[in-house]
S.K.: 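Got a structure for you, questions after.
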Amino acid sequence: YSILDFENPNLFISSIHRSYYMEKAFVIRFENPMGEVMDLPITELFKGKKVERINAIEELVPYDSRIDSYSVATFLIK
């Protein structure tokens, strides 16, 4: 059993944890170690859940499913 069906050898999940500020939500952080921008179909991975892009201190940032090269993308899943 897996809570996440994720198959992309070029993206890493660097963190999964409960939200520090919101009950019944969790944070997932993806890391892109490649030299190119990658698209992550995050809403498809978490169908039926509300997905918001956040920064490291759980503040909302403009939603974008792209992850810049050598960067991270953090999402709040409710």
S.K.: Go through the structure and list residues passing side chain to side chain donor-acceptor pair (under 3.5 Å) with N10, not counting sequence neighbours.
M.R.: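 Here no residue qualifies.
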S.K.: Drop me the distance from K78's NZ to K49's NZ, to the nearest 0.5 angstrom.
M.R.: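 Here the rounded value is 12.0 Å.
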S.K.: For residues L11 and V27: do they belong to one hydrophobic cluster (side chain heavy atoms under 4.5 Å, members Ile, Leu, Val, Met, Phe, Trp, Tyr)?
M.R.: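 L11 does not cluster with V27.
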S.K.: Quick one, F30 with I42, criterion side chain to side chain contact (heavy atoms under 4.5 Å, CB included). Give me CA distance, side-chain angles, the key distance, then yes/no.
M.R.: CA-CA 10 Å; F30 293 89; I42 191 77; 3.5 Å; yes
S.K.: Is any side-chain N of the basic residue among E31 and R29 closer than 4.0 Å to the acidic one's carboxylate O?
M.R.: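 Looking at E31 and R29, the cut-off is not met.
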S.K.: Rounded at 0.5 Å granularity, tell me how far CD1 in I54 sits from OH in Y21.
M.R.: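 Reported value, rounded in 0.5 Å steps: 10.0 Å.
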S.K.: Please give me the minimum heavy-atom distance between V72 and R53, naming the atom from each residue.
M.R.: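 The pair with the smallest heavy-atom distance is O-NH2, 3.8 Å.
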S.K.: State whether the side chain of E52 and the backbone N or O of I77 hold a donor-acceptor pair below 3.5 Å, judged by distance alone.
M.R.: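 No.
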S.K.: Rounded to the nearest 0.5 Å, what separates atom CD1 in I28 from atom OG in S19?
M.R.: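 That separation rounds to 13.5 Å.
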S.K.: Throw together a table of side-chain donor-acceptor distances under 3.5 angstrom for residues 59-71, partners on residues two or more places apart or in other chains.
M.R.:
residue : atom : partner : partner atom : Å
E59     : OE1  : N55     : ND2          : 2.8
D64     : OD1  : R66     : N            : 3.0
S65     : OG   : D39     : OD1          : 2.8

S.K.: Given the rule in the ring-ring contact (aromatic ring centres under 6.0 Å, His included) test, do F26 and F75 qualify, once you have shown the distances and angles that lead to the verdict?
M.R.: CA-CA 8 Å; F26 69 95; F75 297 90; over 10 Å; no
